[in-house]
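See structure below.
Values below: every heavy atom of this structure, side chains too, minus hydrogens, waters and symmetry copies. In what follows, chains are A, B, ... by sequence order, proteins preceding strands, each numbered from 1.
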Protein chains: 2
Amino acid sequence: MKINVKTVQRFSLYRRLLLEFQPEEDRERIFSYELASLAGNTAAQVRRDFMVLGYTGCTSKGYETHRLVESIAAVLDSEEGQKVAIVGTGHLGKAVIDFFRDRRPKLTIVMGFDVKPDRVDCTIHGCPVFHADRIEELVREEEISLGILTLPVEASQAAAEALVRGGVRGIANFAPVRLHLPPDIHVEELDMTTYLETVAYFARVREAPSDDADDLLL
Amino acid sequence: MKINVKTVQRFSLYRRLLLEFQPEEDRERIFSYELASLAGNTAAQVRRDFMVLGYTGCTSKGYETHRLVESIAAVLDSEEGQKVAIVGTGHLGKAVIDFFRDRRPKLTIVMGFDVKPDRVDCTIHGCPVFHADRIEELVREEEISLGILTLPVEASQAAAEALVRGGVRGIANFAPVRLHLPPDIHVEELDMTTYLETVAYFARVREAPSDDADDLLL
DNA sequence: TAGATTGTTAATCGATTAACAATC
DNA sequence: TAGATTGTTAATCGATTAACAATC
């Protein structure tokens, strides 16, 4: 039962879809093929994923949505929640803070950091912003376990190192640069250039509507 | 020679790394294992990817970086360039516009759209912003082929449809919602929740430094 | 029961890795 | 030549899909 990045991403998607799921009648169950069609994959895969979760459905009655959501939460969420710090409170940082407000109770962005004097010592949507000099100190004090980098390329490595010194275990990096960090720190990179280039390529190549369903999951 | 999403993402990453690559002496070549180590994969895979590009290196001399960049450009870029429109000019939209400024000459965000009166009829980093009512008209007029959605969930579907009516062929969607569009439109979704949840999960699970190198490519 | 969906195994598919002759 | 890297094939690995008995 290996849970890899792709599996986690599917679980996250399933949860989102289940929370949005509005059945016609007031039934609170969902069939594997229904969720599969929402998620864009096959019913067999949905069933296999649920087996991994350890949640068994009822034959010919499907799965109870609220129990599925609980099962997914048991895997994805930590019981006591995880605190997140964000470094870089420009437009992107503000957008991320706003995006996560009240969205996932177990993942809270508790503080931001920046170097620009006019961005420090204020709050963004209730999230206090401190000077980047204090990253290590405050991350350790608050027992923050995750970091988000929404900084220019040149500042990202130093910020990442400060986060790790403070005790952060995982980093989401929006800057298009590979970070050099200890191997036990999980880094997930998101390069918007790659993202848009992928769209651009397939938008061009797929020009002919002779479409052969390639994998376009997240 | 099937080029799928993952392959395109690797090409994009290679290009970024090659453009940053600063060899010690003034040699302008790179070995497969050097690029592999930068990109975090194996030398064999790098060589295989280059074969797909149709660029052959020199035995025991490696690959010329500038010719590699050209070969990648021949696949990823369209000769005449592709125009992009962005819908939603809040913090995220502004960040994306700023991010792409001068980054990829063949991908230009030529205009933005919004509905809020105070965001319309101004420019952001030289990019003019119009009212969302005019999406279809202006996208068709300017022959824009790509769209970026940086909008709240509830507004995204309508905006996507307007873009498609205007002639857009591919959409990068930042809102956590599945769009219902004709199958010949390529949609790439980016859900920040999924992204952060993935980091959170592996940061937790990997707690013990008994690390078994899982796949963490973009 | 008949119909439908589930859990689970077997078959398929594709991507990655390993290996090695060819080349400079 | 010896050393190193390339192009390319074969072997491995893992994930996805197909299939079907079991169950309600």
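Between Arg10(B) atom CZ and dG14(C) atom C1' there is a gap of 12 Å when expressed in whole angstrom units. Here dT6(D) presents its P atom at 13 Å from CG of Asp49(B), a figure rounded to the nearest Å. Distance Asn4(B) CG to dT16(D) P: 13 Å, rounded to the nearest Å. Leu53(B) places its CG atom 11 Å from the P atom of dG7(D), with the value rounded to the nearest Å. One atom, CZ of Arg29(A), and another, C1' of dT5(C), lie 12 Å apart when rounded to the nearest Å. Rounded to an integer number of Å, the gap from Ile30(A) CD1 to dT5(C) C1' is 14 Å. Separating the CD atom of Gln9(B) from the P atom of dT16(C) is a distance of 12 Å, rounded to the nearest angstrom. Between the P atom of dG7(D) and the CZ atom of Phe31(B) lies a distance of 12 Å, rounded to the nearest Å.
With values rounded to the nearest 0.5 angstrom, Thr7(B) atom OG1 is found 3.5 Å from Asn4(B) atom CG.
Leu76(A) and Arg204(B) get closest at one heavy-atom pair: O-NH2, 2.6 Å. What you find for Thr65(A) and Arg29(A) is that their closest heavy atoms are CG2-C, 4.3 Å. Summarising the geometry of Ser156(A) relative to Leu149(A), their closest heavy-atom pair is O-CD1, 3.8 Å, with the distance given to 0.1 Å. Nearest heavy-atom pair across Met192(A) and Phe100(B) is O-CZ, 3.4 Å. Counting all heavy atoms, side chain and backbone alike, Gly88(B) lies closest to Leu151(B) at CA-CD2, 3.7 Å.
In this structure, Phe50(A) reaches neither bases nor backbone, as no heavy-atom distance under 4.0 Å exists between it and the strands shown. Using a 4.0 Å heavy-atom criterion, one finds that Tyr63(A) contacts the sugar-phosphate atoms exclusively.
A ring pair (Phe, Tyr, Trp, His ring centres under 6.0 Å) with Phe50(A) is found for one member of Phe11(A), Phe31(A), Tyr14(A) and no other, namely Tyr14(A).
Residues Tyr201(B) and Ile3(A) are in side-chain contact: their nearest non-hydrogen atoms beyond the backbone lie under 4.5 Å apart. Inter-residue side-chain proximity for Arg104(B) and Leu196(A) is flagged as unmet; no heavy-atom pair is nearer than 4.5 Å. Pro176(B) is listed as a side-chain neighbour of Val153(B), based on a closest heavy-atom distance under 4.5 Å.
For DNA chain D, if you chain together Watson-Crick or G-U pairs that step i with j, i+1 with j-1 and so on, the runs of at least three with distances under 3.5 Å are C:3-24 with D:3-24.
Listed nucleotides dT16(D), dT6(C), dT16(C) differ in distance to Lys6(B); the shortest reach to its side chain belongs to dT16(C).
Checked by atom type, the side-chain pair Ser12(B)/Glu197(A) shows a donor-acceptor distance below 3.5 Å.
Within residues 65-72 of chain B, no residue places a heavy atom under 4.0 Å from DNA chain D.
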Which letter, B, S or -, goes with each nucleotide of nucleotides 17-24 of chain C from 5' to 3', with contact meaning a protein heavy atom under 4.0 Å? B-B---BB
